[in-house]
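Order of appearance sets the numbers: ligands from 1, and atoms from 1 within every ligand.
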Amino acid sequence: MIAVLKPGATEQQIQSLADWIRSQGLTVHLSTGRYQTIVGLVGDTTRIDEDLLGSLSYVETVKRISEPFKSANRKFHPDNSVIRAGDTLVGDGHFAVIAGPCSVESEEQVAEIARAVKQSGATMLRGGAFKPRTSPYDFQGLKADGIEILLHAKRETGLPIVSEIMNANHLPMFEEVDVIQVGARNMQNFELLKELGKTQKTILLKRGLAATLKEFLMSAEYIMAGGNENVILCERGIRTFETYTRNTLDLSAVPVLHELSHLPVIVDPSHATGSAKLVEPMALAAAAAGADGLMIEVHNDPVHAMCDGAQSLTPEQFDKTMRHVRLVLDAITDIEH
Ligand code: PEP
Ligand code: MN
């Protein structure tokens, strides 16, 4: 349920309303927008008398929210959220480009890629230290050593780092990691999501392989319900009957998620396609569709990559893609204005 307040509502009125909501056993979600303050009531609102709430002098309207996701819902927070990632911002015009190898393989590999992608304009460095592999016999990542290598590259380049977590017990290792990724396979690992909800870390939540957009937003809700609102959504393709591409990039997810939610939405054309030659066209399409950023796998020697070499761009290919992405971003800015 939301209560939209009249423009002149005072701080004292807002606080007394919030106190009353909490006294009813509910959580308060305050959205102070440019023009209006919206008070969200989260929890079992069946006992709340809508008419009573609506009769308060400073309340304009009261609406029940039918969607099961509340904190992630745009009705709770009409303005786009801007999420901090290290010293960069994501969302509402702040376009993020996360680039780097699928897995951290060595100090030299990460250092070389980090320097190159920074030069080309990447805003964050990615690299998997804990890898969710389909086969238990495949490379599982360098684990703690991998995180150390990323931190070294962060100190050297100043780029915030993004890395995937698979087990909440590993959280202490992620203390200096700027953005914690929850991979597609863990999108519905609810215990992990709840633990991340207790932190204030920025979470990059990837869409599950067979998750509907509603399920995706419910997973974001798990994190937000714990008090962590720092969530970035990532569309990375879904399973369909098509086998030519690794997954099918659901680009309509971008405008749909923007309509339903205030959270930033980025697109990963690497895992969505599985093929380096398809990364640029899908990256350009994502930028044109209004994505708030991209996540692109880049490797200095894709042929010998420990993981996902076929979909990895070389630093030179990434540089060209970045130049073209900027052209699309400039063009859509012109359309918007
Ligand atoms: C990744 O980003 O390296 C990854 C494993 O992605 P996904 O979870 O989308 O498959
Ligand atoms: Mn990968």
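- No donor-acceptor contact under 3.5 angstrom links the side chains of Arg246 and Ser275, judged on distance only.
- Within the 4.5 Å cutoff, the side chain of Met224 has heavy atoms near those of the Val231 side chain.
- Residue contacts with ligand 1: Asp308 is placed with no nitrogen or oxygen under 3.5 Å of a nitrogen or oxygen of the ligand (distance criterion only).
- Under the 3.5 Å distance criterion, with hydrogens and angles disregarded, no donor-acceptor pair is assigned to the side chains of Ser71 and His29.
- Residue contacts with ligand 1: Ala184 is placed with a nitrogen or oxygen under 3.5 Å of a nitrogen or oxygen of the ligand (distance criterion only).
- Between Arg236 and ligand 1, at least one pair of N/O atoms sits closer than 3.5 Å.
- With a cut-off of 2.8 Å, the Mn ion (ligand 2) has an N, O or S atom of Cys102 in range.
- When you scan the N, O or S atoms of Glu297 for the one nearest the Mn ion (ligand 2), you land on OE2.
- Between Asp138 and Arg133 there is a salt bridge, since at least one side-chain N of the basic residue sits less than 4.0 Å from a carboxylate O of the acidic one.
- Salt bridge status for Arg115 with Glu156: present, with a side-chain N to carboxylate O gap under 4.0 Å.
- Residue Glu164 places no N or O, backbone or side chain, under 3.5 Å from any N or O of ligand 1.
- Residue Glu297 approaches ligand 1 through these ligand atoms, each under 4.0 Å from one of its heavy atoms: 3 (O).
- Listed by number with element, the atoms of ligand 1 under 4.0 Å from a non-hydrogen atom of Arg185 are 7 (P), 8 (O), 10 (O).
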Evaluate the criterion side-chain contact (heavy atoms from CB on, under 4.5 Å) for residue pair Asp301 and Val303; output intermediate values, then yes/no.
CA-CA 6 Å; Asp301 184 9; Val303 179; 4.3 Å; yes

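- Centred on the Mn ion (ligand 2), the NE2 atom of His271 and the OD2 atom of Asp308 lie at an angle of 90°, reported to 10°.
- With respect to atom 6 (O) of ligand 1, the closest heavy atom belonging to the protein is Lys206 NZ, 2.9 Å.
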Apply side chain to side chain donor-acceptor pair (under 3.5 Å) to the pair Thr321 and Glu280, showing each step before the final yes or no.
CA-CA 6 Å; Thr321 297; Glu280 175 167 322; 3.0 Å; yes

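- Looking only at heavy atoms of the protein, atom 4 (C) of ligand 1 is closest to His271 NE2, 3.4 Å.
- A salt bridge does not link Glu60 with Lys6: none of the charged nitrogens is closer than 4.0 Å to a carboxylate oxygen.
- The ligand atoms of ligand 1 that sit less than 4.0 angstrom from a heavy atom of Gly183 are 8 (O).
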